[in-house]
Amino acid sequence: MKKIIFFVLLVHLCLTANAQMSGVFEAKRGESDYNFWIYTPHEYAEDNHKLPLIVFLHGASLCGNNLERVRRYGTLDAIEKGLDVPMLVVAPQNPGGAWNPKKLMNLLEWVEEHYRVDESRVYVLGMSLGGYGTMDFAGTYPDKIAAAMALCGGCSLKDDQGLGKLPLWIIHGTGDAAVSVKQSQRVVDDLQQANNDKLLRYYWVPGGSHGLLARAFYLQQTYDWLIAHSLNDSPREVDRDIQIEREDFNVSYRDLKIDPQMYAED
């Protein structure tokens, strides 16, 4: 009997420790135009100050009405696998079609109203369809977003010059067969030709496939780079010291414990 009680207590302590380490994941439905997950790290419960916020935008393979799919890869999955991201994370689910910047702003305003968000440190991060969503959202509201990272996407805006007003890192693989690297290169060319690229970074991953870019969600450098920026920076500058290079993407799918087919054609 004592052994049983000890085992139950041990399990309780392990679950409690894990909850404190990973924070709390909450599913929110019907609160905005998109259903979404919100992650609050343990720092949020322990401290009474505002925290930075990441908006994670998934790719096409996670679209639908099953919120559980949003946790299959990306920032939330990286946190569950042990990555330390001491920020609020909101991860909406797109039911289908392109991400809508106005609907994303409605979601952001809802979160800012109901959670302690440091509004000077709101970041956007997305891949493929989410990479398009990242650039469309950030380019529409550059004065609301402290920094953005767009992976293997592009931009749907008729006028993409808003993207030159905030720190933006575009990353795309040269071997991408699903979304051509030319989609990202077009944005870079537009900003460079307008002499509007002071806050721009870009990296073409040599031979990188479409699915390869998902591994960026599991890199600490990704989040270190985002949080290096604030709307309070005067003037606004882009961090060029933190590096993400080809070898950083060499972590195996097996180590990440995710199915590469899940986002191979995202």
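Within the 4.5 Å cutoff, the side chain of Ile171 has heavy atoms near those of the Val205 side chain. Between Tyr115 and Val90 there is no side-chain heavy-atom pair separated by less than 4.5 Å. Two residues are said to be in side-chain contact when any heavy atoms from C-beta on lie closer than 4.5 Å; Leu57 and Leu125 fail this criterion. Using a 4.5 Å heavy-atom cutoff, the side chains of Trp225 and Trp169 are in contact. Within the 4.5 Å cutoff, the side chain of Asp233 has heavy atoms near those of the Ser230 side chain. You'll find the side chain of Leu168 stays beyond 4.5 Å of the side chain of Tyr202, heavy atoms only.
Counting heavy atoms of neighbouring residues, nucleotides and ligands inside a 6.0 Å radius, atom NZ of Lys28 exceeds 12 of them. No more than 12 heavy atoms of other residues, nucleotides or ligands lie within 6.0 Å of NZ in Lys182, so this atom counts as exposed by the packing criterion.
A donor-acceptor pair is defined here as one N or O able to donate and one able to accept, closer than 3.5 Å; no such pair exists between the side chain of Tyr73 and the backbone of His58. The closest donor-acceptor contact from the side chain of His172 to the backbone of Val179 lies under 3.5 Å. Remark: the backbone N or O of Pro92 is not paired with any side-chain donor or acceptor of Asn35 at under 3.5 angstrom. Put simply, the side chain of Tyr123 gets close to the backbone of His229: a donor and an acceptor are under 3.5 Å apart. Judged purely by atom type and a 3.5 angstrom limit, Arg215 has no side-chain atom pairing as donor or acceptor with the backbone of Asp248. Within the 3.5 Å criterion, the main-chain N or O of Met127 finds no donor-acceptor partner in the side chain of Tyr132. Between the side chain of Thr134 and the backbone N or O of Gly126 there is at least one donor-acceptor pair closer than 3.5 Å. Side-chain atoms of Tyr203 come within 3.5 Å of backbone N or O of Arg246 as a donor-acceptor pair. Distance alone, capped at 3.5 Å, places no donor-acceptor pair between the Gln192 side chain and the Asp197 backbone. In this structure a side-chain-to-backbone donor-acceptor pair under 3.5 Å is present from Asp136 to Ser156.
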**Request:** Decide side chain to side chain contact (heavy atoms under 4.5 Å, CB included) for Val24 and Thr40; before the verdict, give the C-alpha distance in whole Å, the side-chain angles of both, and the deciding distance to 0.1 Å.
**Result:** CA-CA 5 Å; Val24 177; Thr40 52; 3.5 Å; yes
**Message:** Using the rule given for side chain to side chain contact (heavy atoms under 4.5 Å, CB included), can you reason through Arg116 versus Asn48, listing the C-alpha separation, both sets of side-chain angles and the distance that settles it, and then say yes or no?
**Reply:** CA-CA 8 Å; Arg116 298 190 306 274; Asn48 198 34; 3.8 Å; yes
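Taken to the nearest 0.5 Å, the CG atom of Asp118 stands 9.5 Å off from the CD atom of Glu112. Taken to the nearest 0.5 Å, the CG atom of Leu163 stands 9.5 Å off from the CG atom of Asp190. In this structure, CG in Asp84 is found 11.5 Å from OH in Tyr223, a value given to the nearest 0.5 Å. The distance from the OH atom of Tyr141 to the CG atom of Leu104 is 8.5 Å, given to the nearest 0.5 Å. With rounding to the nearest 0.5 Å, the separation of OH in Tyr44 from NE2 in His42 is 15.0 Å. Atom CG of Leu191 and atom CD1 of Ile170 lie 6.5 Å apart (nearest 0.5 Å).
The two atoms that bring Val122 and Glu119 nearest to each other are CG2-O, 4.0 Å, heavy atoms only. Here the closest heavy-atom approach between residue Gln243 and residue Arg240 is recorded as NE2-O, 2.9 Å. Between Arg201 and Asp241, the shortest heavy-atom contact is NH1-N, 4.3 Å. Nearest heavy-atom pair across Ala194 and Gln161 is CB-OE1, 3.3 Å. Leu199 and Glu237 make their closest contact through CD2-CA, 3.6 Å (heavy atoms, listed as atom of the first residue, atom of the second, distance). Nearest heavy-atom pair across Lys144 and Met105 is CG-CE, 3.8 Å.
Cluster membership check: Met135 does not share its hydrophobic cluster with Met149, using side-chain heavy-atom separations under 4.5 Å among Ile, Leu, Val, Met, Phe, Trp and Tyr. When the side chains of ILVMFWY residues are joined at heavy-atom separations under 4.5 Å, either directly or via intervening members, Val89 and Val111 end up in two distinct hydrophobic clusters. A continuous path of Ile, Leu, Val, Met, Phe, Trp and Tyr side chains, each step under 4.5 Å between heavy atoms, connects Val70 with Leu83, placing both in one hydrophobic cluster. The hydrophobic cluster containing Ile242 also contains Met87, counting ILVMFWY residues as joined when their side-chain heavy atoms lie under 4.5 angstrom apart, directly or transitively. Connection of Phe36 to Val55 is established within a shared hydrophobic cluster, with ILVMFWY side chains joined at heavy-atom distances below 4.5 Å, either directly or through further cluster members.
Taking the six-membered ring where the residue is Trp, Trp37 and Phe25 present perpendicular rings, their angle passing 60° and hence far from 30°. Using cut-offs of 30° and 60° for the angle between ring planes, the Phe217 and Phe56 rings count as perpendicular. Under the 30°/60° scheme for interplanar angles, the aromatic rings of Trp110 and His114 are found to lie parallel.
When only modelled atom types and interatomic distance are considered, Asp77 and Tyr218 share a side-chain donor-acceptor pair under 3.5 Å.
Only one option out of Asp33, Leu108, Asn94 pairs with Lys103 in a side chain to side chain contact (heavy atoms under 4.5 Å, CB included); it is Asp33.
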